Amino acid sequence: MKLERSATALPAHGWQLLPLRFHRLDADSVVLTNLVGEHVFVTPEELDAVVVGTCTDQELLARLRAAHLIQVPGERLPAELLAIKLRTRMRRLPDSTGLHIFVVTLRCEHTCRYCQVSRQSAVKNEFDMTEETARRALELAFRSPSPHLKIEFQGGEPLLNFPLVRWITAEANRMNKEHGKDLGFVIATNLALLDEEVLDFCAEEKIHISTSLDGPQDLHNGNRRRPGRDSWQQAVAGIRQVQERLGEDRVSALMTTTEASLGRAAEIIDTYAELGLRGVFLRPISPYGFALRGRGGANYDVDRWLEFYAVGLDKIVELNRQGVPMVEIYASIIAKKMLTNTDPGYVDLTSPAGIGIGALVYNYDGDIYASDEGRMLAEMGDRTFRLGSVHGSSYADIMLSDRLLNPLTESITLSAPMCTTCAFEPYCGADPVFHHATMGDFTGHKALSAFCRRNMGVFTLLLRKMRDDPYFRDLMRRWAQ
Amino acid sequence: MSTASGSPDTSAEAPNGAAALDAAETTLAFDQATVDLDALQRSVYAVAGEMTVDIRVCGVDYMCTLFPRRQGTTDDELRHRFRAEVNDQILRVRIAKETEPLRNLVFALAFSQTGLAEAEGSA
């Protein structure tokens with residue numbers, strides 16, 4: 001039986017608000033979000049009418065009710081559904097820590113402008129991890145309750161200590177026979193030292209390669225310097241070798257935005273497309289280490305990076321319209337948070353923050369850091385995020401230390417000023433390392449925070465585009481899958 | 001006047017409970033009967049990148065003096081920006097108060113079934 005419209009209509013004051021937050025996108029457009037980030041676009045007048053209870057627009061009320069932004073008094077189901085979705089979004093929390101970064105050496109034959117950690121002229125072995133340190137780090141990694149373990153080899157250039165990469169992989173596989181975890185490996189390499197032996201090993205162990213590609217040859221080689229000035233040529237040749245030998249999906253690349261990158265977003269993306277890379281991560285430079293000393297290419301502000309990001313995103317959308325599949329990785333992470341109840345677990349966009357509980361870093365000397373950025377800060381003399389050492393610290397010492405718990409609890413967005421009422425809180429993250437590095441405390445003053453300004457800018461851009469462009473909304477849905 | 005703000009109009013020039021008092025000093029007054037101090041303080045925090053604000057109690061008003069961080073910002077721009085932020089914060093405070101019991105219910109439902117509470121109790 002079909003109900004008459006009058007039988008289902010909500011009269012004025014005939015509903016109650018569910019927890020909602022709003023953000024003004026434009027003079028005539030506001031986005032409302034519920035506790036888990038589901039969103040509806042309304043006008044400012046509609047927002048006022050809904051909050052004061054005078055709205056009688058049944059189509060709007062139906063949309064708001066469907067998005068768990070309002071409910072009929074006495075209903076129980078909306079709260080239960082919101083609770084299920086909230087729990088689903090946070091289901092990774094009990095399964096800490098999935099990512100374990102092994103810094104197998106600090107040595108590197110590159111001297112990148114923005115690098116904080118490499119030691120080009122180091123005496124061999126002085127900055128290499130030993131088997132004993134690696135063994136102790138593995139024992140800690142396998143204490144993690146996470147059913148998924150990813151071991152990422154970093155440096156410096158990890159292939160300069162390739163024998164240890166082999167040893168750790170074999171040892172982890174041996175230990176995993178007892179633990180039965182979903183175990184994976186990643187080598188973060190500039191590819192200059194890629195050879196047949198490394199390719200054979202990666203093929204055998206199903207290892208993923210993550211590399212750096214800043215864009216066209218002149219831009220990349222200007223940022224990433226090495227003897228012979230051929231970093232780009234080495235990276236491109238390496239990417240092609242991995243694609244041919246291991247498969248296109250086994251190599252991904254990251255770019256870092258320097259001042260020289262601004263104005264060249266389209267060229268950068270073209271470079272990726274020409275190489276058959278299907279994802280670009282338009283990343284701003286990290287506010288750590290050498291990048292802050294004026295010679296790292298960080299002489300630009302958030303607004304200039306946002307302009308760069310917007311141009312790059314438009315270029316990527318255009319490629320997709322032309323039938324060239326390409327993903328902007330940051331937008332795809334946010335798409336998951338905006339359009340699904342799955343949290344992708346990206347360390348920078350989680351609350352509680354991802355430090356320690358999302359990733360642990362084992363430095364070459366056995367020191368343990370809560371994040372890679374925490375390790376970079378330590379290289380600059382600030383050891384705030386050093387949690388202990390594999391030589392002497394137990395798993396409980398590390399995970400229950402005030403050095404980890406204080407930044408986690410102090411920065412959580414559900415209690416941080418401005419974040420509590422921010423419509424974008426379900427999409428955003430805490431990032432206590434960034435705020436400690438730039439503002440001197442774990443929470444940071446959000447109105448002055450470059451992290452907040454950058455992410456608010458990205459969320460606003462993505463929402464406006466989804467509101468105005470059905471193709472982009474569909475693309476975001478595909479990226480969210 | 002925005003009914004959502006819940007603020008009476010106290011001057012023809014400055015809606016939403018705010019009245020421009022001193023052109024030389026960029027000051028706004030908000031009636032204490034209609035504007036929560038909490039909403040004002042949240043507003044001050046939110047606009048800290050653009051201006052700093054001094055709040056004083058003056059009779060029945062909160063007197064807010066606005067200090068721009070950047071040169072070239074006009075008094076009118078400052079006032080409009082701060083008034084708009086106060087209106088939004090009033091709305092946010094109102095929504096938060098109205099929905100707090102349901103928010104607590106959702107969180108209670110979400111985390112009462114994780115097993116964490118039992119594990120802690122039995123430890």
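Residue numbers begin at 1 in each chain, while the letters A, B, ... track the order of the sequences. Values in this document were obtained by computation on a predicted structure and should not be read as measured data.
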Seminar exercise, completed: Turns out that what part of A:L448 lies under 4.5 Å from chain B's heavy atoms comes down to side chain

For this session: Can you label the angle between the A:F451 ring and the A:F434 ring as parallel, tilted or perpendicular, going by 30° and 60°?
Result: tilted

For this session: Please look at B:A48 and chain A and tell me whether the side chain, the backbone, both or neither of the residue comes under 4.5 angstrom of a heavy atom of that chain.
Result: both

Exercise. With a 4.5 angstrom heavy-atom cut-off, which part of A:L414 approaches chain B: side chain, backbone, both or neither?
Worked result: both

Exercise. Under the side chain to side chain contact (heavy atoms under 4.5 Å, CB included) criterion, do A:T460 and A:F424 qualify, and how do the steps go?
Worked result: CA-CA 9 Å; A:T460 302; A:F424 302 146; 3.7 Å; yes

Exercise. For A:L35, is it the side chain, the backbone, both or neither that has a heavy atom under 4.5 Å from a heavy atom of chain B?
Worked result: side chain

For this session: Any ring-ring contact (aromatic ring centres under 6.0 Å, His included) involving residues 39-79 of chain B? Give me the pairs, sequence neighbours left out, ordered by first then second residue.
Result: A:H445-B:Y45

For this session: Answer yes or no: is there an ion pair linking A:R65 with A:E75, defined by an N-O contact shorter than 4.0 Å?
Result: yes

Exercise. With distance as the sole criterion, is a donor-acceptor pair present between the side chains of A:E425 and A:T413 under 3.5 Å?
Worked result: yes

Exercise. Can you find a pair of side-chain heavy atoms, one from B:D36 and one from B:K97, that are under 4.5 Å apart?
Worked result: yes

For this session: Please check if any side-chain donor atom of A:N34 sits under 3.5 Å from a side-chain acceptor atom of A:E38, or the reverse.
Result: yes

Exercise. Under a 4.5 Å heavy-atom cut-off, does chain A meet the side chain of B:R42, its backbone, both or neither?
Worked result: side chain

Exercise. Of the backbone (N, CA, C, O) and the side chain (C-beta and beyond), which part of A:Q16 lies under 4.5 Å from a heavy atom of chain B, both, or neither?
Worked result: side chain

Problem set entry | Part of A:S449 within contact of chain B (heavy atom distance under 4.5 Å) | neither

Problem set entry | Side chain, backbone, both or neither of B:L105 within contact of chain A (heavy atoms, under 4.5 Å) | side chain

For this session: Under 4.5 Å, counting heavy-atom pairs only, tell me which of A:P19, A:P417, A:A79 racks up the most with chain B.
Result: A:P19

Exercise. A:R91 versus chain B, heavy atoms under 4.5 Å apart: side chain, backbone, both or neither?
Worked result: neither

Seminar exercise, completed: When the 4.5 angstrom heavy-atom criterion is applied to A:R89 and chain B, the contacting part is neither

Problem set entry | Heavy-atom side-chain proximity of B:T99 to A:L20 below 4.5 angstrom | no

